[in-house]
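All figures in this text were calculated on a predicted structure; none of them were measured in a lab. Proteins get letters first, then strands, A, B, ... in listed order; numbering begins at 1 in each.
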Number of protein chains: 2
Amino acid sequence: MHNKQDYNCKECPLKCDLYLTSIEMGIENELEPVHAFFKKHELIVKQGSEVSHAGVMVAGNAKMYVDGFNKRSIILNVLLPSNYYGMLSVYGESLFPYNVAALGPSRVCMIDIEFVKRIYDLNQNFRTWLNKALGLTVSEIMGKLVSLNQKQVRGKVAGSLIYLSELLDTNEFTLPLTRKELAELSAITEENAVRVLTEFKREGIISVKGHCIELLQLDVLERISDFG
Amino acid sequence: MHNKQDYNCKECPLKCDLYLTSIEMGIENELEPVHAFFKKHELIVKQGSEVSHAGVMVAGNAKMYVDGFNKRSIILNVLLPSNYYGMLSVYGESLFPYNVAALGPSRVCMIDIEFVKRIYDLNQNFRTWLNKALGLTVSEIMGKLVSLNQKQVRGKVAGSLIYLSELLDTNEFTLPLTRKELAELSAITEENAVRVLTEFKREGIISVKGHCIELLQLDVLERISDFG
DNA sequence: ATATAACATTGTTATATATCAACTTTTTAT
DNA sequence: ATAAAAAGTTGATATATAACAATGTTATAT
């Protein structure tokens, strides 16, 4: 548990949602967030473990992923500052159905899940906000279900690149993922991820320099993703 | 819109949830359910269309599925009497992210979505009930994401058969699906679905007579599903 | 009752992708 | 600065599965 100093930390995006709501409700003093720090690749939550808290990314970024069979996991999405995890438990899931791991040095603000549930039950605005987010997530997962199943490797990688550029809101970004992780985001093997990246580069669709990627022909990429 | 006679129809499973809640709230007279009938393979809701209502299966059964690329769809689950569809819209989705189609002659009770939303907002018990159902659905879809991606055909079909036997609550059932649909539920081709069924039969794991299937060695099936 | 369409089955072939292996480059730790 | 480990790359091969094709069987409608 932390003191008020920590609680009011300038960077904490809690200000936007849970925090603001708790102020509105006059119970902000009961909110006792714990800030935790993680280094690269450190596990933040383990799939199957009891949900004790919800978390907000304050700094850094993380991957949300599910365990697969022979050590092959599938990355569901990438969390940036202000993104939450663990909210599904508000809807009755007592165990985390996914893992969360830091992609780089990260800072996470953790809030007791009972407090979140309380606000959820008492405050309609917060509820509506969270419900919308969940509804969107479900739709996205359904899309992913089809895409991972019916696209071939080029389409999958194209989709992942577009996802990342939209997430980071730029066509030129530093990939926060290793090649293996890009593969896991696309549900293919690392080797094929590399190969497709090389192909795209050779075809002039993207430019690749290590982790720096620029999408040169977004329209082509989109066509490959939508498949063809 | 229907009269009170229709509304109080004996079979309508609304009695259990929405209906009971509306009685509890004293607004059951405002509930104006419309019962609609569908024949085999008739479309009940179209993916991408505006959500105007939520529906409860009253009789028959239906498949919930998403459109794929080259005419290959993926069946998410099978709806039996008392199962709902369209509830996701309560969480802010204005368009159906899936199709629903009757598997056989079916009767569906449709309730104006605004009425459902109203009850959802006003009644905590109903909210909790629906939230739990949604949370479970999300967990299930995540499981499906992995299973469809990393299992091979035998594992997928084994999983589908187990799913159906649990749904219908018996080891001996009449498959409410064609071979093509069983394939779509498993995200494989029809040919491979048939082949695997034949294999399982030859191996004495199941017995197949047309649409009548009996799971003879559930333990083996479970092992195949969990992979091997 | 017969024709027609939908559904089911089996075999063959083509192909996309995983797997295996070797090697290079980059990062991390001492 | 050097060693060791992690990450990235490219090629060759094996394999699971989709695609194609042909045919049989069962429903459906007139």
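Not counting sequence neighbours, the partners of A/Tyr91 by the ring-ring contact (aromatic ring centres under 6.0 Å, His included) test are A/Tyr120. Residues that satisfy the salt bridge (charged side-chain N to carboxylate O under 4.0 Å, His left out) test with B/Glu190, not counting sequence neighbours, are absent from this structure. The ring-ring contact (aromatic ring centres under 6.0 Å, His included) test applied to A/Phe37 returns no partner, not counting sequence neighbours. Judged as a side-chain contact (heavy atoms from CB on, under 4.5 Å), and not counting sequence neighbours, the contacts of B/Asn83 are B/Leu79, B/Leu80. Listed by chain and residue number, nothing satisfies the salt bridge (charged side-chain N to carboxylate O under 4.0 Å, His left out) test with B/Lys151 (two or more places apart in sequence, or in another chain). In this structure, the salt bridge (charged side-chain N to carboxylate O under 4.0 Å, His left out) partners of B/Lys180, at least two apart in sequence or on a different chain, are B/Glu184. For B/Tyr84, the ring-ring contact (aromatic ring centres under 6.0 Å, His included) criterion is met by B/Trp129, not counting sequence neighbours. For A/Arg154, the salt bridge (charged side-chain N to carboxylate O under 4.0 Å, His left out) partners at least two apart in sequence or on another chain are A/Glu199, A/Glu203.
Look at NE2 on A/His211: it is 9 Å from P on D/dA7, rounded to the nearest Å. Atom-to-atom, CG of A/Leu175 to C1' of D/dG8 comes out at 13 Å; the value is rounded to the nearest Å.
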Subject >> Evaluation steps, side chain to side chain contact (heavy atoms under 4.5 Å, CB included), between B/Phe200 and B/Val208 >> reply: CA-CA 9 Å; B/Phe200 285 173; B/Val208 186; over 6 Å; no
**OP:** Determine which bases of DNA chain D form Watson-Crick or G-U wobble pairs with both distances under 3.5 Å, and write the result as a 5' to 3' dot-bracket string with | for other-strand partners.
**Re:** ||||||||||||||||||||||||||||||
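Heavy-atom distances under 4.0 Å link DNA chain D to A/Glu190, A/Glu191, A/Val194, A/Arg195, A/Thr198 of residues 185-199 of chain A, given in residue order.
Reading DNA chain C from its 5' end, the first and the last nucleotide to sit under 4.0 Å from a heavy atom of chain A are C/dA16 to C/dC20.
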What donor-acceptor contacts under 3.5 angstrom involve side-chain atoms of residues 141-148 of chain A, with partners at least two apart or in another chain?
| unit_1 | atom_1 | unit_2 | atom_2 | d |
| --- | --- | --- | --- | --- |
| A/Lys144 | NZ | A/Ile75 | O | 3.3 |
| A/Lys144 | NZ | A/Leu185 | O | 3.3 |

